[in-house]
Amino acid sequence: MTIADAVTDAIQTVLRDTARDVKAIEPSMLLATDLGLDSLDLAQTVVLLERSLGVDPFRSAANTAPRPGIRTVSDLISIYTAASRTP
Amino acid sequence: MTPSTIANLADAPAQDRLAAAICLIADKVPDRTAIVVDAGSDTRRAIDYATLAAAVAKLEADLDALRPMGVVARARNVESLVVIAAACGRQHVPVAFLPEDARDLIGELADWVPLDDSLVVPSGAAEGLPRGEFASVPAQVVVATSGTSGPPKLVEHSWDSLLAAARLAEQWHGLGWLLVYDATRWAGIQVWLQAVLTAGRLVQPASRNPDVVARAVADEQVSILPSTPTLLRRLITSADRGLLATMKIDRITLGGEAVDANLLEQTKSLFQGVRISHVYATTELGEVFRVTDGEAGFPAEWLGRPLPGGVRLSMRRDGELLVQLSRDTAEVATGDLVEKRGSRYEFTGRRSDVIVVGGAKVYPRRVEELLRSVPGVAEARVYGLPSAITGELVAAEIVVSDPLPEPATPDNVRSAALAVCRERLEPQSVPRVLDIAKRIATTAAGKVPRRSL
């Protein structure tokens, strides 16, 4: 499973668990505006991704530097791609 | 003075009572079974009162000869713990009971001698004080707290406070008591003291497996079942139906955790005519009160006025229950949160269990109760998962009923549980991680653990 697939799966699970429409996820989609994800949804996504990818880039000590805004699905994919490369 | 009947035991000094009871019963009915260990299994073993009395006499003689400063009971077998307690009490030797997870605390009792299942007092034990009054040493009985909230710590008790809740009246004589608690902790000690003081039969199952417990109860004619709500729930949801049907339970005394109305209803319908009480006690305070009407929580009118016995309950503005044991003792914050529901105060959880999600408080007990009310959910545990985004996140695991009624599947029980939570709870309280588990782990004290494991 690619990181992009894992991110897509996690978001779809969040939408399904919260009884929202599960739509096709595009990398360009805005997390808040297009998908309606709030901070709880994002926190759940991060837990799900920690389970599927084994990393939590938001908790690792290496990531204390200010992060660029995470606005789109592809921002999320980039962060996990970077974190998976530097375990 | 040696009491001639069990009912007269209360006239003897508290520290002498256990040894006096064992001798008295061994004298009258030497063959009577005092303790059954490994009940419900092939390695079942019974110990009678004569055997206990002989062991107590031998240990008393050794203690009298060596006079140690104190004894740390490191025995694993419950019959050894009974003997150690009885002998130390009557010989006025302080005794400490340390469960496995509190063994680190032994440093605090460096001058005391350890006593294992051999019941042999190590020779060369530090010379202690001449036999006298307990007043010359700081404690009579030392027990560790359960560590539900924070690391275990040692608490000192007198024999009077240890035996304060024991009931010696005739209606309590000769009954079968189940010991599912750890025998070295307050709750477990209370059960074996009560059973042995009243010529009863203490039945310790070989494990906490629900089928083993049910078989022990059925085979050994246990009629009194002291338990935590978690262990009772596991028994009635998971044990073999046939075994449950053969159990003849008169009384269930619940403690250690708050009880919910759902469990009380299930229990009443399964064991017709059973009397259910729940005990509110802490290792520091001992038994504070007992609710015997079979309803959850306690009557609202108990708050703010002295109860029989002088206990006074009050509530801090944030809902924490405060207890004052008597007029001349300090008010103690219990760490337990209560909330008024109708004519009752019900427990909403431990202060330290609160999960903080994005600054909002979530009470895990409330979420657990709701999950358990969903058809197909047998057990539930709610805990906080750390999150860099919201601080914590509510996580839960559920055990689905076995067998599940057709056409339900574990997956649609899970979806139904989430739907009920979404409908009934604030957004931050809805579990964001909901796993289906084979069983819910419990702590050594038989409670549901609250933090992620």
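Sequence lines set the chain letters: A, B, ... in the order given, protein chains first and strands last, and positions in each chain run from 1.
In this structure, the side chain to side chain contact (heavy atoms under 4.5 Å, CB included) partners of Ala4(A), at least two apart in sequence or on a different chain, are Thr2(A), Ile77(A).
Val7(A) is listed as a side-chain neighbour of Ile11(A), based on a closest heavy-atom distance under 4.5 Å. In this structure, the side chains of Cys421(B) and Pro431(B) come closer than 4.5 Å at one or more pairs of heavy atoms. Considering only heavy atoms from C-beta on, Val394(B) stays 4.5 Å or farther from Val430(B) through its side chain. At least one side-chain heavy atom of Val377(B) sits less than 4.5 Å from a side-chain heavy atom of Val413(B).
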Note each donor-acceptor pair with a separation under 3.5 Å, taking one atom from chain A and one from chain B.
residue: Asp17(A); atom: O; partner: Arg422(B); partner atom: NH1; Å: 2.4
residue: Asp17(A); atom: OD1; partner: Arg414(B); partner atom: NH1; Å: 3.3
residue: Asp17(A); atom: OD2; partner: Arg414(B); partner atom: NH2; Å: 3.2
residue: Asp41(A); atom: OD1; partner: Arg432(B); partner atom: NH1; Å: 2.8
residue: Asp41(A); atom: OD1; partner: Arg432(B); partner atom: NH2; Å: 2.9
residue: Gln44(A); atom: OE1; partner: Arg432(B); partner atom: NH1; Å: 2.7
residue: Gln44(A); atom: NE2; partner: Arg432(B); partner atom: O; Å: 3.1
residue: Arg51(A); atom: NH1; partner: Asp435(B); partner atom: OD1; Å: 2.9
residue: Arg51(A); atom: NH1; partner: Asp435(B); partner atom: OD2; Å: 3.4
residue: Arg51(A); atom: NH2; partner: Asp435(B); partner atom: OD2; Å: 2.7

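Expressed to the nearest 0.5 Å, how far CD1 of Ile79(A) lies from CG of Leu49(A) amounts to 11.0 Å.
Heavy atoms of Val357(B) lying under 4.5 Å from chain A belong exclusively to its side chain.
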